[in-house]
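As structure tokens, the structure follows; a few thoughts come after it.
All values reported here derive from a predicted model rather than from experimental measurement. All chains are named by letter (A, B, ...) in the order of the sequence lines, taking the proteins before the strands, and each is independently numbered beginning at 1.
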There are 2 protein chains.
Amino acid sequence: MRQRIDKHRFEPAYAQLASILRNQIAEGVYPPGEKIPSESTISKEYGVSPMTVRQAIGVLTEQGLLDRIQGSGTFVKKLSITESRFELNSLREIFQDSAGTQIKVLQLSLGRADARTAEKLDLSVGQRVILIRRILLRAGRPVMFHEGNVRCDPTRPVVEAELSIGPLSELFTGHCDGSVKKGELELIPTVLGETEAGLLGHAPGTPAFRLEYVVYDFDNAPFGWGWFVAPPEVFRLKTHLGLWE
Amino acid sequence: MRQRIDKHRFEPAYAQLASILRNQIAEGVYPPGEKIPSESTISKEYGVSPMTVRQAIGVLTEQGLLDRIQGSGTFVKKLSITESRFELNSLREIFQDSAGTQIKVLQLSLGRADARTAEKLDLSVGQRVILIRRILLRAGRPVMFHEGNVRCDPTRPVVEAELSIGPLSELFTGHCDGSVKKGELELIPTVLGETEAGLLGHAPGTPAFRLEYVVYDFDNAPFGWGWFVAPPEVFRLKTHLGLWE
DNA sequence: AAGTGGTCTAGACCACTAT
DNA sequence: TAGTGGTCTAGACCACTTT
């Protein structure tokens, strides 16, 4: 034990302990694959209660640095590429800076479902849907394209509200409205078509991400689907593994 | 309160409570944006201790269903597209099925760092590096291409071991060896070049994912970098948001 | 049998938010 | 000031693994 826990500090005890353990792992005191001391040992050593130790270890476990095995012990994890997660942080950054972000509506119309939309929204071909096509601009430059389709349901009276600031817009700005129960997302590599390339100011054939979504209401019925397309310089998907400062 | 907690069940109390709350949210008892009862209220209502309630709410919070705001309450979260995470599950599935997976080494050689590798591995151009090119086969069919570069460091004596089953292979099979402290990953859309397309049995120009990595040792020095390339049917990046069964 | 993590109790006090 | 979540105690018993 090198460091002590100062219970009068602003930082809570579990966070101090987590950071101590983290440093010890970084210094090689506990190499990857090795067992760290038991929870009761740490509890006595640092003079904190068992639950506090659990919380500290819980933090590092969630960060993917430790592995708890019941009956056996807590081990320092080896790095695994398959355990990495990619988050859509770059999207959040773009949408939260509402000052520098503009949305240009290219099309907003009442149409009829084609085969693909009918399948996605559980409709028959030809039923009415609302179609929206938009471009997101950052500092006046086009960075992302959006196409969305919403079910045009007579039992849902708030169609007009949806068109202006409804779920499609809120998918953009960070939140769907309360009528969305669940959604599925898929990230697919693609290349820009003629139209998209022109709109985004790139050459056709440029590699890009396509983020496709379907959203469901509280009756588990799909009511919207669509996709966002952005080139990789806009849509960075980076992540870190292991012991970063 | 509709359901009770049975403390003699196999399922722990906190999990039972989490599932009760989850069902109530799904049924619309607490709509998105609304506050759920306070922890102490729930504690009294279900006859469990405050810590047990915290754990239950913690589970749902980690799942992104609830939001805790100190001093204010716990709220049902609205869906947000920017909070989704993509995991590399499809990679794990491939690598864990070691029976159906083969690795074919195309090239394994001692070479000299080009400009890009020198920059990535913090070397001078022309310093020695180990280059490996491989193809991953599933049921005899090529599904993924890998190119990796490892620093050829005279102070690290285990070069031969690395070449055969070292970190490059372990990046594939799920674990890096213990000398890896941290790594960074980036996912980039790309199109298959002539060579890759030929190896993977696709047309050149097919959209694909490129997963690029750099790994660092415990001295924070980069010692390996490379990338995997796979077409989207191999490398599915799907995720779910909100209340799925 | 001994040791480990997993769950749980029944409180306590603190930091923060709303009124 | 009252109510909320955040932290913490000092134990207890259980499920599981190892010896």
Does the protein touch nucleotides 9-19 of chain C at the base, only the backbone, or not at all? Give it as B, S and - per nucleotide, heavy atoms under 4.0 Å.
BBB---BBB--
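Every salt bridge (Lys or Arg N to Asp or Glu O under 4.0 Å) that A/Glu87 has, sequence neighbours left out, goes to B/Arg85. Legend: residues meeting side-chain contact (heavy atoms from CB on, under 4.5 Å) with B/Val143, ordered by chain and number and at least two apart, are B/Leu136, B/Arg138, B/Val234. Among residues two or more places apart in sequence or in another chain, the salt bridge (Lys or Arg N to Asp or Glu O under 4.0 Å) test is passed with A/Glu11 by A/Arg9.
Looking at A/Phe235, A/Tyr213, A/Phe209 one by one, the single match for ring-ring contact (aromatic ring centres under 6.0 Å, His included) with A/Phe228 turns out to be A/Tyr213.
Aromatic ring orientation, A/His240 versus A/Trp244: perpendicular (interplanar angle above 60°, classes split at 30° and 60°).
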For the pair A/Leu237 and A/Leu88, evaluate side chain to side chain contact (heavy atoms under 4.5 Å, CB included) and give the outcome as yes or no after the intermediate values.
CA-CA 7 Å; A/Leu237 246 65; A/Leu88 301 182; 4.1 Å; yes
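The nearest whole Å value for the distance from the OH atom in A/Tyr14 to the P atom in D/dG6 is 9 Å. Look at CD on B/Gln55: it is 15 Å from C1' on D/dC8, rounded to the nearest Å. The CG atom of B/Leu66 sits 16 Å away from the P atom of D/dT4 (whole-angstrom rounding). Regarding B/Ile5, its CD1 atom lies at a distance of 14 Å from the P atom of C/dT7, rounded to whole Å. The CD-C1' distance, from B/Glu39 to C/dC8, rounds to 15 Å in whole Å. Following rounding to the nearest Å, A/Arg9 (CZ) and D/dC8 (C1') show an atom-to-atom distance of 17 Å.
The shortest distance between the side-chain N/O atoms of A/Arg68 and the OP1/OP2 oxygens of C/dG6 is below 4.0 Å. A sub-4.0 Å separation between OP1 or OP2 of D/dG6 and a side-chain N or O of B/Arg54 is present.
Annotation: proximity of residues 56-63 of chain A to DNA chain C (heavy atom, distance under 4.0 Å) is found for no residue.
Here the side chain of B/Lys35 pairs a donor or acceptor atom with the backbone of B/Ser72 at under 3.5 angstrom.
Both tests do not hold together for A/Lys181 against A/Tyr216: distance to the six-membered ring centre under 6.0 Å, angle to the ring axis within 45°.
Within the structure, side chain to side chain donor-acceptor pair (under 3.5 Å) contacts touching residues 61-71 of chain B (residues at least two apart or in different chains) are B/Arg22-B/Gln63.
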